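Take a look at the structure set out below.
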Protein chains: 2
Amino acid sequence: MPRVGLSTAQVVSTASALIDEVGVDKLTLARIAKHLNVQLPSLYKHISSLQDLHERLVVAAQHELLGTMKNAAVGRSGMQALLALAASAREWGVAHPGRYSITLAAAHTPGDGSEEMLEFTLRILESFNLTGDDAIDAARMLRATLHGFISLETRGGFGLPADVDRSFQRAMQGLGNQFSAWS
Amino acid sequence: MPRVGLSTAQVVSTASALIDEVGVDKLTLARIAKHLNVQLPSLYKHISSLQDLHERLVVAAQHELLGTMKNAAVGRSGMQALLALAASAREWGVAHPGRYSITLAAAHTPGDGSEEMLEFTLRILESFNLTGDDAIDAARMLRATLHGFISLETRGGFGLPADVDRSFQRAMQGLGNQFSAWS
DNA sequence: GCCCTAATGCTAATACTATTAGCTTTTAAT
DNA sequence: ATTAAAAGCTAATAGTATTAGCATTAGGGC
């Protein structure tokens, strides 16, 4: 039996691809194993349990999303940064609905990207001259609006197909205007 | 064996309670059956499958949430209606995290509450003098912000406990202000 | 080049899950 | 009272995650 040379990273990677295809609730070890041409129990040499795999998926997805947003925001500030980061997050979420759906992990697992996300968001808001409690309020509103929009879109919550792009653009523009005038 | 007098409504009801306690992913037919003092296969006399039960749970949760919001908005308009509906939705979501988490169903199942939700939202926005495409954009932004906020809160997305009430109030107030000045 | 060790992938077994079939008993309507 | 439908049961099946134990392979030190 020729050894295939598996690794934890490979298992996480194919699992990530699978949840985008079949949905996170239909991710099964058998499916992953078949994709990797391996027997199911062999996966346990690289992950300790399904929950372990889930946690790894969450952390990976969070960092992918965060990296995408940071990339989009580099070299920009204020409204330009906000619009760029928002568009990139939405684009990534739509392209990877399964991965996106797990970016809000319940428990703070080790390696969690939520603190980094908060720092990043606050940094962006600094360019709106927002600090302290004002910045926290703004960060929460930004994250809520962005996450809510992407969630609704990827889960088919927008019944009418009426120009979702325009609705998104308008929402983010409005958000930025508010931040600019945040007394 | 004394018959216990089960019904579909009872099964859905206890399942609803259970997903708030243990989480929707840990809802199991065995758990429901034990709660109802019944053997597991007996449930199939009232539901046709686990997926069937899930669809019923979604519809029930959607209507509970919608009813709560409508109740809060009755007799109010404009900003007052918005703040009341938003607060009631958040309160219900925090009190019923499992139920809330399924209110965004992927497929439009029969009896779905999403159309009714859209009509309700548009009615509220009429009192902001918003109609047509403007109203659709506003409805999407309202739903996104509200859903995003409740999702983040119920899933522990707000690391800092710094006065979430105030952040919410401020977000909703800002939303209403935008709707009032929506050119 | 060889040997030992650790890691890799396997088969087999276990305890859970949902689901179906078939039976018995109860309920309710005629 | 009789009958027919429905309710709940036990038993069986296929699929799930997980563990134990075995064989083989790969790599490092001599």
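Since the model is a prediction, treat every value here as computed from it, not as a measurement. Below, chain A is the first sequence line, B the second, and so on; all start at residue 1.
- In terms of phosphate contacts, A/S49 brings no side-chain nitrogen or oxygen within less than 4.0 Å of OP1 or OP2 of D/dA17.
- Nearest nucleotide to the B/L29 side chain, out of C/dT11, C/dA18, C/dG22: C/dA18.
- One can place CZ of A/R31 at 11 Å from P of D/dA17, the figure rounded to the nearest angstrom.
- Computed from coordinates, the B/Q10 CD to D/dA7 C1' distance equals 13 Å when rounded to whole Å.
- For B/L6, whose side chain is taken as the heavy atoms from C-beta onward, the closest listed nucleotide among D/dT18, D/dG8, D/dT16 is D/dG8.
- Note that CG of A/L152 is 8.5 Å distant from OG of B/S151, once rounded to the nearest 0.5 Å.
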Scan the side chains in residues 113-124 of chain A for donor-acceptor partners under 3.5 Å anywhere in the protein, sequence neighbours excluded, and list what turns up.
{"from": "A/S114", "atom 1": "OG", "to": "A/D112", "atom 2": "OD1", "distance (Å)": "2.5"}
{"from": "A/E116", "atom 1": "OE2", "to": "A/K70", "atom 2": "NZ", "distance (Å)": "2.9"}
{"from": "A/T121", "atom 1": "OG1", "to": "A/M117", "atom 2": "O", "distance (Å)": "2.7"}

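- Rounded to whole Å, atom P of D/dT19 lies 12 Å from atom CG of A/L50.
- In this structure, B/D165 pairs ionically with B/R90, as a charged nitrogen and a carboxylate oxygen lie closer than 4.0 Å.
- Rounded to whole Å, atom P of D/dT19 lies 7 Å from atom OH of A/Y44.
- Distances from the side chain of A/V38 to the nucleotides D/dG8, C/dC10, C/dT20 place C/dC10 closest.
- When each of A/K45 and A/T28 is assigned the nucleotide of DNA chain D bearing its nearest heavy atom, the one mapping closer to the 5' terminus is A/T28.
- Looking at heavy-atom distances under 4.0 Å, A/L40 makes contact with a base.
- Contact annotation: B/H46 side-chain N/O to D/dG8 OP1/OP2 distance is under 4.0 Å.
- For the OP1/OP2 pair of D/dA7 and a distance below 4.0 Å, the side-chain nitrogens and oxygens of B/S42 include no atom meeting the criterion.
- In this structure, A/K34 places its NZ atom 10 Å from P of D/dG15, rounding to the nearest Å.
- Rounded to whole Å, atom C1' of D/dA23 lies 15 Å from atom CD of A/Q39.
- For A/F149 and A/F158, the gap between ring centers is short of 6.0 Å.
- In this structure, B/D25 atom CG and D/dA17 atom P are separated by 14 Å, rounded to whole Å.
- For the pair A/R140 and B/D163, the salt-bridge criterion is not met [side-chain N within less than 4.0 Å of a carboxylate O].
- One can place NZ of A/K26 at 14 Å from C1' of C/dA18, the figure rounded to the nearest angstrom.
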